[in-house]
2 protein chains.
Amino acid sequence: MVTIADVARDAGVSASTVSYVLSGKRSISAETRRRVEASIRRLGYHPHAGARALASSRTNVLALVMPLRTDIDVPVVMRFVTSVVTAAREHDHDVLLLTNDEGPQGLRRVAASAIADAILVMDVEADEPRIPVLRSLLRPAVLIGVPDDPEDLSCVDLDFHAAAARCVHHLADLGHTDVALVGPSPTVYERGTSFAGRFLHGFDGAVRERGLRGGTYPCPPSHEAARACLDEVLTRQPDVTGIVVHNEAALGTVLSELDRRGRKVPEDVSVVAVCPEDMADGFAVPLTAVPIPSDEVGRIAVEMVLRQLQGDAAPEVRLLSPRLREGGSTAPRR
Amino acid sequence: MVTIADVARDAGVSASTVSYVLSGKRSISAETRRRVEASIRRLGYHPHAGARALASSRTNVLALVMPLRTDIDVPVVMRFVTSVVTAAREHDHDVLLLTNDEGPQGLRRVAASAIADAILVMDVEADEPRIPVLRSLLRPAVLIGVPDDPEDLSCVDLDFHAAAARCVHHLADLGHTDVALVGPSPTVYERGTSFAGRFLHGFDGAVRERGLRGGTYPCPPSHEAARACLDEVLTRQPDVTGIVVHNEAALGTVLSELDRRGRKVPEDVSVVAVCPEDMADGFAVPLTAVPIPSDEVGRIAVEMVLRQLQGDAAPEVRLLSPRLREGGSTAPRR
DNA sequence: ATGAAAGCGCTAACAC
DNA sequence: GTGTTAGCGCTTTCAT
């Protein structure tokens, strides 16, 4: 293995000079820097991560806690994961992937063994049970999702409350008065998943505000369940003309089942989706949608946590404003 | 931070004794072990990962290279990822998540900086371009997928060739003579993705062997594309009575579109799915399917690579035999 | 069955 | 602008 001593010898400088060339923490003459960088390249030197972590107490690794759930939309989770990894790499950090099934002990282990500098947490609940552990860790943490009381933890997420309101207002503005929300699985609501509850409240609030008739329908993640769910919508609200689908897995089924029942979109029923933008584009008619900005959320989470590591950062709750992209799945009520 | 010296002092032994209690690399008296373990628990000691890596040149971290593709089925990728993480944790290892977009340089970086002990690679191509780098790394590597020539690298995957044959034989045994394969996206075939090609060959081979009429249809990942793809199947093979769907994203669409066109499953058309087992269960009638054993593949990949790290392991190619689970979506031809 | 001590490769004072 | 040096916390000889 190539060490910093090898590089130093090769470039005719001391090891500390090599270290400083790499870190930029003190000024180096142009000539020295050139020689050192040449040696680094020629020898194919990469600093030993463990040695660096030991000496500097910085690992340049972020831990990301991923849910193992199958009731939330897996592709959306995956987008968060990839955007976190991509953003981390852009800032010269790597990502250690943890699952939730180790429990709080896993978080303690990661923090105490100094295997990562900070922790990012997904699948946040309204009454988030991991908050006490995270606060006790003395390492920065950022939640992807917003609990009811984040205390002094930083959070970032789409403003799902506002997103729901945006969907309802769009439908109301088009003249719809009887609207439905096809939401995530009942199990997602039951465990108090933050984004689901916030969306639901936003929906109910806007429905009331605009004086609409509105129903909400949790929908388990299977084709059969989605079909049954739509049946229930049409039974309980036979005159429904606006449906908000906040459930990626159910989206395709809802649309094809509406079609099968002879309800044309958007002539008879307007549909607003809450999903990744490219998913909304995958239909014959691109859907009217509030896109979930996974890339931006992941990037911001990484940047927030790095800023905290750098020292200059107060905890903050960052709610991204929803954007409604009009597509061909909504139209004025006939 | 709690160090090994703190534990040693607390237990009244030397640091090396604590180390040996932890590693089990030499025998310790019952009494000493008890005292040391008590101190470890009481102080909440966790070995410093960097120090350990520096001293032992073992990190207990596995790197997993994940594709960023959107044309392969994301939930399936995610299942591999979670099964690798879970299996790794069961063997006291963590997982560092890499994406492909750093290229070979990323693999070199990870290996040279000793941030991980071994590398697992997903999304393998038939003519896998990363093989030379991986071989040059002097670290164990395991491919999840099987290239045409793995050289001395270990691989593990479902035997997709046999899986396709299994599907065709099942349909042929039921009397079907006109069969179709709805496969992954054209882009997946174009870049020579290993599993797609192996499945396609298996399908073609079995169709020929059984003297059937058979067509193959790559299907891009959108609802609209899936609908168009089914149209093409029914146009080119109007008498088709058996369809193999090797494309999770298209599965729901294919079934609902068949229904919409008045072709009953399984009375008019038999459908065999190749997908995670619980996905096949999510339909009104559980589908006949060859399940993709993601959990097993991930677990085996981890175990193979750990065995290589331990020293006792020859490279091996492990193809898991497909299992066909009969469900309600296939029936004898009328 | 246990201890003492020599590094592992790097960073960051401290010197000049 | 650069070199010297003292650790960082652990594992693993070598001793006993």
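All chains are named by letter (A, B, ...) in the order of the sequence lines, taking the proteins before the strands, and each is independently numbered beginning at 1. All figures in this text were calculated on a predicted structure; none of them were measured in a lab.
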For [X] and [N], give me the distance from atom [atom1] to atom [atom2], rounded to whole Å.
| X | N | atom1 | atom2 | answer |
| --- | --- | --- | --- | --- |
| B:Tyr20 | D:dC10 | OH | P | 15 Å |
| A:Arg52 | C:dA12 | CZ | P | 9 Å |
| B:His48 | C:dT11 | NE2 | P | 13 Å |
| A:Leu54 | D:dG7 | CG | P | 13 Å |
| A:Ile4 | D:dT4 | CD1 | C1' | 14 Å |
| A:Met1 | C:dC8 | CE | C1' | 10 Å |
| B:Asn60 | D:dC10 | CG | P | 14 Å |
| A:Asp6 | C:dC8 | CG | C1' | 14 Å |

Need one value for [X]: base, sugar-phosphate or nothing, where a base atom within 4.0 Å counts as base even if backbone is also close, heavy atoms only.
| X | value |
| --- | --- |
| B:Ser19 | base |
| B:Thr32 | sugar-phosphate |
| A:Ser57 | nothing |

Does B:Thr17 place a side-chain N or O at less than 4.0 Å from the phosphate oxygens OP1/OP2 of C:dG3?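 For C:dG3, OP1 or OP2 has a side-chain N or O of B:Thr17 closer than 4.0 Å.
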Phosphate contact (C:dA12 OP1 or OP2) by A:Lys25 side-chain N/O below 4.0 Å: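 Checking A:Lys25 against C:dA12: at least one side-chain N or O falls below 4.0 Å of OP1 or OP2.
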Quick one: do [X] and [Y] make a salt bridge, cutoff under 4.0 Å?
| X | Y | result |
| --- | --- | --- |
| A:Arg307 | A:Glu316 | yes |
| B:Glu31 | B:Arg35 | yes |
| B:Asp123 | B:Arg191 | yes |
| B:Arg109 | A:Asp92 | no |

Can you check whether any acceptor in the base of C:dA4 is under 3.5 Å from a donor in the side chain of B:Ser16, or vice versa?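 Such a pair exists between side chain and base.
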For the side chain of [X], counting heavy atoms from C-beta on, which of [options] is nearest?
| X | options | value |
| --- | --- | --- |
| A:Arg26 | C:dT2, C:dA13, C:dG9 | C:dA13 |
| B:Thr3 | C:dT11, D:dG9, C:dG3 | D:dG9 |
| B:Ser14 | C:dG3, C:dC10, D:dC10 | C:dG3 |

Minimum heavy-atom distance between B:Ile292 and B:Phe80, given as atom pair plus value: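 Minimum heavy-atom separation between B:Ile292 and B:Phe80: CG2-CZ, 4.3 Å.
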